[in-house]
Amino acid sequence: MALPLSGGIPARFVPPSLAKARPPHTISSASLSPTTKDETIDWVEATSDFFEKDTRPIMLFDGVCNLCNGGVRFVRANDRNRRIRLEALQSEAGKKLLRRSGRAPDDISSVVLVEKDRSYIKSEAVLRIMEYLELPFPQLALFLQFVPLFVRNIVYDNIADNRYTLFGRSESCEI
């Protein structure tokens, strides 16, 4: 699901009955962050330096998951132009980017793709990553977008929930 970083809930997530009854509720990125004595952190602003000199998206992945590390090797092999940066979810930068994406800093349950203006999680992140890779992956991503999101995410969640059992864990991160 694409998560807007500017603060609003996408119109497609607001039921029509609520859209007409009242204006859409907006959530600021700061409200997604824990507060400390009278201050909140705007994680979009706090992580803007990640995109100042390098605007390429950042793929966040579970650094100790063998499946995820295999995915990193796959992305490296099929991204010859280095259009995607890589960062482990467990790193300090990964935790900050998770917060920027509206997720808990210790949430390693999903691959996340963070672009300058939005973030993608679960199957939408995978499809968006495929769009940055060499042929034929962008075309495959286009085809897979016709599979309903809830179906893609059921498959994604089943694999993600069992990834350590099926593929194991490693002692260190791939990058």
Side-chain angles (χ1 to χ4, degrees), residues 1-21 23-27 29 32 44 47 50-51 54-63 65-89 94 97-104 107-168 174-175:
M1 157 173 43
L3 302 172
L5 296 176
S6 59
I9 297 175
R12 68 181 185 202
F13 297 118
V14 178
S17 59
L18 291 177
K20 293 179 183 177
H25 173 40
T26 59
I27 300 173
S29 57
L32 297 173
V44 174
T47 57
F50 286 110
F51 296 97
D54 190 345
T55 60
R56 293 177 299 159
I58 303 169
M59 176 182 152
L60 303 176
F61 65 96
D62 181 351
C65 169
N66 287 338
L67 173 63
C68 302
N69 284 321
V72 167
R73 286 189 295 275
F74 178 83
V75 167
R76 282 183 172 168
N78 292 284
D79 182 19
R80 288 181 227 131
N81 294 326
R82 301 294 179 238
R83 296 174 62 195
I84 298 175
R85 295 182 280 169
L86 303 164
E87 189 67 50
L89 289 162
L97 289 166
L98 276 171
R99 287 186 173 196
R100 174 189 180 105
S101 302
R103 312 222 6 124
D107 182 358
I108 60 168
S109 66
S110 174
V111 66
V112 179
L113 184 71
V114 183
E115 294 179 341
K116 184 177 181 176
D117 297 324
R118 65 179 43 168
S119 294
Y120 301 88
I121 61 169
K122 297 186 180 189
S123 67
E124 283 197 326
V126 172
L127 293 184
R128 187 72 176 154
I129 290 165
M130 290 171 68
E131 291 176 15
Y132 285 99
L133 302 180
E134 307 297 323
L135 293 174
F137 299 103
Q139 290 76 9
L140 182 58
L142 179 66
F143 173 74
L144 290 173
Q145 287 177 350
F146 289 106
V147 176
L149 179 62
F150 79 93
V151 172
R152 291 192 325 247
N153 280 343
I154 287 172
V155 172
Y156 182 94
D157 287 337
N158 281 320
I159 294 170
D161 291 345
N162 297 295
R163 68 188 185 272
Y164 296 136
T165 304
L166 296 172
F167 299 98
E174 180 71 21
I175 60 171

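Just so we're clear, the structure is a prediction, and the values are computed from it rather than from any experiment.
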Which heavy-atom pair separates [X] from [Y] by the least distance, and what is that distance?
X	Y	value
S109	D107	OG-OD1, 2.5 Å
F51	R56	CE2-O, 3.5 Å
V111	V126	CG1-CG2, 3.9 Å
Y132	P57	CZ-CG, 3.5 Å
D54	R85	O-NH2, 2.9 Å
V147	R152	O-NH1, 3.0 Å

Can any side-chain N or O of [X] pair as donor or acceptor with the backbone N or O of [Y] at less than 3.5 Å?
X	Y	answer
D79	V75	no
N66	F167	yes
R118	S101	no
R103	S110	no
R100	V114	no
R163	A160	yes

Practice item. Please step through side-chain contact (heavy atoms from CB on, under 4.5 Å) for the pair K122 and L149, ending with a clear verdict. Key: CA-CA 10 Å; K122 297 186 180 189; L149 179 62; over 6 Å; no
Nearest-0.5 Å distance, [atom1] of residue [X] to [atom2] of residue [Y]:
X	Y	atom1	atom2	answer
Q139	L144	CD	CG	11.5 Å
N153	E124	CG	CD	7.0 Å
I58	L86	CD1	CG	9.5 Å
E87	L98	CD	CG	10.5 Å
E131	I84	CD	CD1	10.0 Å
L133	R83	CG	CZ	8.5 Å

Check your understanding: Under a 4.5 Å cut-off applied to non-hydrogen side-chain atoms, are R99 and T47 in contact?
Key -> no
**Study point:** Residue pair N69, F61: steps toward the side-chain contact (heavy atoms from CB on, under 4.5 Å) verdict
**Key:** CA-CA 8 Å; N69 284 321; F61 65 96; 3.6 Å; yes
Exercise for review: Look at atom OH of Y164 and say whether more than 12 heavy atoms of other residues, nucleotides or ligands are closer to it than 6.0 Å.
Suggested key: yes
Check your understanding: Is the number of heavy atoms from other residues, nucleotides or ligands under 6.0 Å of R80 CZ greater than 12?
Key -> no
